[in-house]
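First the proteins, then the strands, lettered A, B, ... as listed; each starts at 1. Quantities reported herein were computed from a predicted structural model and do not represent experimental measurements.
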Amino acid sequence: MSEYDHKKIEKKWQEAWAKNEIYKTADKSSKPKYYILDMFPYPSGSGLHVGHPKGYIASDILSRFYRMSGFNVLHPMGWDAFGLPAENYALKTKTHPKVSTDKNVQVFKKQIGIIGLDYDWGREINTTDPEYYKWTQWIFLKLFEKGLAYESNEPINWCPSCKTGLANEDLENGKCERCGSDIEKKPMRQWVLKIREYADRLLNDIDQLDWPESIKELQKNWIGRSEGAQISFKIKDGQDKIDVFTTRVDTLLGATYVVLSPEHPLVAKLSAQAKNKNEIEKYVRAAANKTDAERLIENKDKTGVKIDGVLAINPSNDEAIPVFIADYVLAQYGTGAVMAVPAHDLRDFDFAKKYSIPIKKVIAPAGEKQNNEECFVEDGVLINSGQFTGLSSSEARKKITKFCGGKLTTNYKLRDWVFSRQRYWGEPIPIIHCQKCGVAPVPEKDLPVLLPEVASYEPTGTGESPLAGIDEWVNTTCPKCGGKAKRETNTMPQWAGSSWYYLRYIDPKNAKALVDEKKEKYWSPVDMYIGGAEHATRHLIYARFWHKFLKDIGVVSYDEPFKKLQHVGLINGEDGRKMGKRWGNVVNPDDIVATYGADTLRLFEMFLGPFDKSANWNTAGIIGPRRFLERVWKMSGVVTKETGEENARIESLYHATLKKVGNDIRTLNFNTAISEMMIFVNKVEEIGKISKTIYMEFLQILAPFAPHMTEELWHQLGQKKSIHLSDWPKYDEKKIVSELKKIAVQVNGRVRGEIKLEQNCDGKITQKMVLEMPEIQKWVPDGKFKKFIYIEGKIINIVVN
RNA sequence: GCCGGGAUGGCGGAAUUGGUAGACGCACACGACUCAAAAUCGUGUAUCCUCUGGGUGUGAGGGUUCGAGUCCCUCUCCCGGCACCA
């Protein structure tokens with residue numbers, strides 16, 4: 001028998017599979033469909049490390065398993081190729097980003113190619129391809145048409161280093177997620193998408209998703225719905241009123257001051273009448289100059305300034321209370337103003353203590369008549385609240401809201417999506433600005449608006465992208481009046497192309513529509529989506545938003561794009577740190593494939609531990625899966641025709657293995673599936689022979705994990721068709737339970753012996769049998785016991801004392 | 001601070017969802033083969049003791065149960081997310 005030569009075998013079959021197009025997906029089929037999707041990569045210049053393919057290997061195993069199980073499988077791959085790194089590389093080297101990304105794509109493709117993944121490359125997509133981004137622009141036009149895309153001049157997050165505006169989702173602790181710079185607030189003209197209009201649907205539909213609980217929670221918190229009331233405080237001796245949002249109207253009688261955010265529109269007007277006008281101006285200016293990061297650092301020590309001479313009337317008891325300006329109140333949330341109840345809110349409590357504002361307790365813990373805590377933030381019973389005293393918090397909320405003429409409102413933490421970037425390497429926003437007609441959308445027939453060549457990729461920093469410098473591109477005619485007009489020079493964010501790409505795979509070459517209606521109905525939704533957890537509050541929210549919008553305009557037929565989602569746990573370096581250039585702990589999959597083979601790499605990555613948990617790379621351990629494969633290879637030398645008693649034992653174990661492997665693949669418990677197959681191989685080695693039928697079926701269940709080696713052995717056994725197009729074997733429950741079953745015998749909960757019973761004697765065990773066992777007699781010498789517990793097929797426990 | 005997840009041998013991890021804890025793999029030790037080494041094969045490997053037996057043991061403490069890694073309460077530590085959201 002020949003040696004297991006992984007290099008020869010893997011090359012041979014990768015070429016054969018490509019030549020015969022065995023992974024080509026049929027558009028029409030009588031089979032049920034299974035759409036399995038990987039989060040497509042950004043093709044970075046540094047290539048892959050061993051952590052990247054982990055998710056791809058898993059999706060590959062699933063797709064092979066479902067194909068063999070009789071499904072029409074869609075398993076595509078593509079490139080999310082717009083983005084800053086390519087643009088920054090262009091800045092440095094003057095290479096057009098298209099050139100460098102195309103090169104990177106080739107490297108990526110080669111690297112994942114040698115792992116033996118079964119993608120249907122006929123459906124490859126690239127977000128920077130004009131035929132692709134034509135439809136990204138088309139979706140923008142539709143959003144604009146429906147009033148969901150608008151221009152805004154509100155202050156937005158500005159990264160001074162990347163020289164572009166950013167969405168809320170692009171920040172990390174008040175810093176730019178990309179470069180780590182402190183973010184400034186800058187008023188700028190921006191295109192914004194009204195994702196908030198979808199907040200309720202995005203939130204409510206989370207419950208119907210088969211996603212990890214953690215991600216669902218993350219999204220719920222990100223959307224952050226809170227129900228409360230809007231209450232008006234009239235200004236004493238004035239016309240104005242301050243509207244506040246609160247979730248705790250029940251504490252209204254304990255409100256001892258009102259706070260406006262420094263950006264609140266009433267600040268200028270009210271401070272004009274104030275005695276300390278200059279002080280206020282100074283405070284407001286200082287707050288405006290603080291970055292979010294600075295505000296965050298200073299958040300422990302709250303600051304503010306009183307509008308001296310202005311009082312607000314508490315509508316619940318007509319008390320006149322002071323008005324403050326403080327930057328602990330956020331302008332963007334609620335009404336930008338709050339009522340402060342220091343006795344029942346920690347932030348107000350801190351502030352009130354610092355500025356010696358009265359603290360009035362109005363809630364006592366339920367069941368108590370008094371509140372002994374300095375600051376009690378939970379619901380309870382109202383005290384010191386006049387006619388409302390004695391009510392529970394929840395009753396009081398209704399009654400007080402009604403009494404004060406407040407209205408019930410809902411607020412969200414989710415902000416509208418700042419959608420324009422002042423950078424080059426992105427989809428041009430298909431809008432034309434006409435002096436006469438104002439904002440005019442580019443007509444659909446003129447799509448795509450091509451991204452032009454520029455001489456310099458340098459961001460201008462002025463709020464315009466480098467595109468603004470290309471006169472012949474910027475200057476155009478207005479599609480409405482035909483007069484002189486200019487193109488929008490902002491581009492779309494990185495996240496645009498990935499918000500709908502899963503639809504393009506369904507119908508990648510369609511020039512007439514985003515996706516064919518029939519094909520969409522057949523393939524949607526994605527049955528299994530595999531990718532990293534870092535996309536929880538960006539890609540996965542944006543894509544759900546666009547999908548719901550596309551549903552509303554009739555392009556798609558389901559509410560949610562991704563029915564089931566699974567996380568890939570990271571693979572860290574051998575040192576436990578994140579794998580990357582920074583720590584010099586990168587392991588290149590090419591090297592592992594060269595030394596041990598793709599099949600070994602695949603097996604090893606899946607064997608490392610639970611799929612969704614992060615794990616440390618450990619080159620020493622890779623020898624285990626390699627040895628396993630070599631044993632399987634050698635097993636072909638002990639294949640026999642005879643069916644003796646030994647074969648029956650193997651058959652029984654084989655059916656148990658078959659059952660477990662199938663179940664484990666479905667639930668992505670690849671590590672235990674592999675261990676089960678190892679147990680099987682150990683057993684066969686011990687017995688020393690295996691029938692051809694069982695060996696071949698075993699190769700089939702191993703095939704999704706080790707596609708090359710199993711294909712080779714399959715053909716060596718005389719098969720002509722690919723193992724990957726064969727039918728997944730069916731297990732026989734009857735065969736699994738043919739062996740003797742062992743049951744532990746405990747005395748007082750401690751294992752003292754073991755009893756074997758034949759399954760076919762109805763599992764009958766008599767107390768006499770057990771008590772006569774010598775190892776049991778030792779513990780129950782006189783045969784007396786309090787209780788005899790027998791859980792059928794599981795355990796016996798004799799309670800003596 | 002809030003939300004979510006976790007803690008099991010030297011290491012990665014398993015445990016039929018309340019029923020023999022440590023499967024499988026790595027590493028290590030000894031043995032076989034070999035002039036030798038590697039590879040391969042075999043045996044062993046939670047820990048302690050007075051060792052053909054027995055005690056202890058799943059982050060700590062308590063509880064429920066005939067029986068707890070698994071359920072309940074309290075606490076410690078680690079990872080991820082959010083963070084003045086009124």
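For B:rA14, the OP1/OP2 oxygens have a side-chain nitrogen or oxygen of A:Asn671 closer than 4.0 Å. For B:rG54, one of the phosphate oxygens OP1 or OP2 lies less than 4.0 angstrom from a side-chain nitrogen or oxygen of A:Lys778. In this structure, A:Arg750 reaches the B:rU56 phosphate: one of its side-chain N or O atoms is under 4.0 Å from OP1 or OP2. Side-chain nitrogen and oxygen atoms of A:Tyr333 include at least one within less than 4.0 Å of the OP1 or OP2 phosphate oxygen of B:rA86. Contact annotation: A:Trp211 does not reach the phosphate of B:rG4 (side-chain N/O to OP1 or OP2, under 4.0 Å).
For B:rC66 and B:rC78, the P atoms lie 38 Å apart once the distance is rounded to whole Å. The gap from the C1' atom of B:rA15 to that of B:rG9 amounts to 15 Å, rounded to the nearest Å. Taking atom P on both B:rU64 and B:rU70, the two are 15 Å apart, rounded to the nearest angstrom. The separation of B:rA86 from B:rG5, taken at their C1' atoms, amounts to 29 Å, rounded to a whole angstrom. A distance of about 40 Å separates the P atoms of B:rG25 and B:rU76, rounded to the whole Å. With P as the reference atom, B:rU74 and B:rA27 are 44 Å apart, rounded to whole Å. A gap of 24 Å separates the C1' atoms of B:rC33 and B:rC26, to the nearest Å. The separation of B:rC48 from B:rU43, taken at their P atoms, amounts to 24 Å, rounded to a whole angstrom.
Which of B:rC24, B:rG19, B:rG53 sits closest to the side chain of A:Ile791 comes down to B:rG19. Listed candidates were B:rG13, B:rG19, B:rA86. Nearest to the side chain of A:Val329 is B:rA86. Comparing B:rC3, B:rC84, B:rU20 against the side chain of A:Ile795 picks out B:rU20 as the nearest. In this structure, of B:rC66, B:rA23, B:rU20, it is B:rA23 that holds the atom nearest to the side chain of A:Ile679. Nearest nucleotide to the side chain of A:Val751, out of B:rC82, B:rU20, B:rG4: B:rU20. Residue A:Ser226 has its side chain nearest to B:rA86 when only B:rA86, B:rC24, B:rA14 are considered. The listed nucleotides are B:rA86, B:rA14, B:rG4; the one nearest the side chain of A:Thr672 is B:rA14.
Both A:Met339 and A:Asn616 lie near RNA chain B, and the one whose nearest nucleotide falls closer to the 5' end is A:Asn616. Nearest-nucleotide mapping onto RNA chain B: of A:Asn797 and A:Pro610, the residue sitting toward the 5' end is A:Pro610.
We find the CG-CD distance between A:Asn289 and A:Glu184 to be 9.5 Å, quoted to the nearest 0.5 Å. Atoms CZ and CE, on A:Arg631 and A:Met677 in that order, are 14.5 Å from each other to the nearest 0.5 Å. Atom NE2 of A:His535 sits about 11.5 Å away from atom OH of A:Tyr542, to the nearest 0.5 Å.
Counting any heavy atom pair closer than 4.0 Å across all strands shown, A:Arg752 reaches sugar-phosphate atoms only and no base atom. Counting non-hydrogen atoms under 4.0 angstrom, A:Thr537 reaches nothing in the nucleic acid. Contacts of A:Gln746 with the nucleic acid, taken as non-hydrogen atoms under 4.0 Å apart, include base atoms. Using a 4.0 Å heavy-atom criterion, one finds that A:Glu676 contacts no nucleic acid atom at all. Using a 4.0 Å heavy-atom criterion, one finds that A:Pro212 contacts no nucleic acid atom at all. Among the atoms of the strands shown, base atoms are found under 4.0 Å from some heavy atom of A:Ile789. Nucleic acid contact for A:Trp779: sugar-phosphate only, since backbone atoms but no base atoms lie under 4.0 Å from a heavy atom of the residue.
Atom CG in A:Leu260 sits roughly 14 Å away from atom C1' in B:rA86 (whole-Å rounding). Taking atom CG on A:Asn748 and atom P on B:rG55, their separation rounds to 11 Å, with Å as the unit. Residue A:Asn221 contributes atom CG, which lies 17 Å from atom P of B:rG1 at whole-angstrom precision. Whole-Å rounding puts the A:Lys634 NZ to B:rU40 C1' distance at 6 Å. One can place CZ of A:Phe788 at 14 Å from C1' of B:rG67, the figure rounded to the nearest angstrom. Taking atom NZ of A:Lys786 as the reference point, atom P of B:rC66 lies 11 Å away to the nearest angstrom. Regarding A:Leu668, its CG atom lies at a distance of 14 Å from the P atom of B:rA14, rounded to whole Å. Atom CD1 of A:Ile755 and atom C1' of B:rU20 are 14 Å apart (whole Å).
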| Dot-bracket for RNA chain B, 5' to 3', with Watson-Crick and G-U pairs under 3.5 Å, [ ] for crossing pairs and | for other-strand pairs: what is it? | (((((((..(((......[....)))((((((.......))))))((((...))))..(((((..]....))))))))))))....

| request: Please lay out, stage by stage, how A:Glu227 and A:Arg225 fare under the test salt bridge (Lys or Arg N to Asp or Glu O under 4.0 Å). | output: CA-CA 7 Å; A:Glu227 324 257 351; A:Arg225 175 163 66 193; 3.7 Å; yes

| task | List the steps, then state whether salt bridge (Lys or Arg N to Asp or Glu O under 4.0 Å) holds for A:Arg666 with A:Asp664. | result | CA-CA 5 Å; A:Arg666 269 185 281 265; A:Asp664 281 354; over 6 Å; no

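Looking at A:Asn314 and A:Tyr257, their side chains never bring a donor and an acceptor atom within 3.5 Å of each other. No donor-acceptor contact under 3.5 angstrom links the side chains of A:Tyr596 and A:Thr619, judged on distance only. Using modelled atom types and a 3.5 Å distance limit, the side chains of A:Tyr412 and A:Asp200 yield a donor-acceptor pair.
Judged by distance alone, with hydrogens and angles left aside, A:Lys302 brings a side-chain donor or acceptor within reach of the base of B:rC84, the pair sitting under 3.5 Å.
With hydrogens and angles disregarded, no donor-acceptor distance shorter than 3.5 Å links the side chain of A:Asn168 to the backbone of A:Arg415. Side-chain N or O atoms of A:His344 include one that pairs as donor or acceptor with a backbone N or O of A:Ile363 at under 3.5 Å. Looking only at distances, a side-chain donor or acceptor of A:Lys54 sits under 3.5 Å from a matching main-chain atom of A:Gly569. The closest donor-acceptor contact from the side chain of A:His567 to the backbone of A:Gly532 lies at 3.5 Å or more, if one exists at all.
Ion pairing between a basic and an acidic side chain is recognised when a charged N comes within 4.0 Å of a carboxylate O; A:Glu685 and A:Lys634 show no such pairing.
Stacking of A:Lys302 on the aromatic ring of A:Tyr328 is recorded, both the 6.0 Å distance cut-off and the 45° axial limit being met.
With contacts defined as side-chain heavy-atom distances shorter than 4.5 Å, the pair A:Met635/A:Ile690 qualifies.
The aromatic ring centroids of A:Phe351 and A:Phe324 lie less than 6.0 Å from each other.
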Are there any protein N/O atoms within less than 3.5 Å of an N/O atom in nucleotides 25-27 of chain B, and if so, which ones and at what distance?
| from | atom 1 | to | atom 2 | distance (Å) |
| --- | --- | --- | --- | --- |
| B:rG25 | OP1 | A:Asn682 | ND2 | 3.2 |
| B:rC26 | OP1 | A:Arg627 | NH1 | 2.5 |

| remark: Protein heavy-atom contacts under 4.0 Å, written 5' to 3' over nucleotides 5-10 of chain B as B (base), S (sugar-phosphate only) or - (none), form the string ------

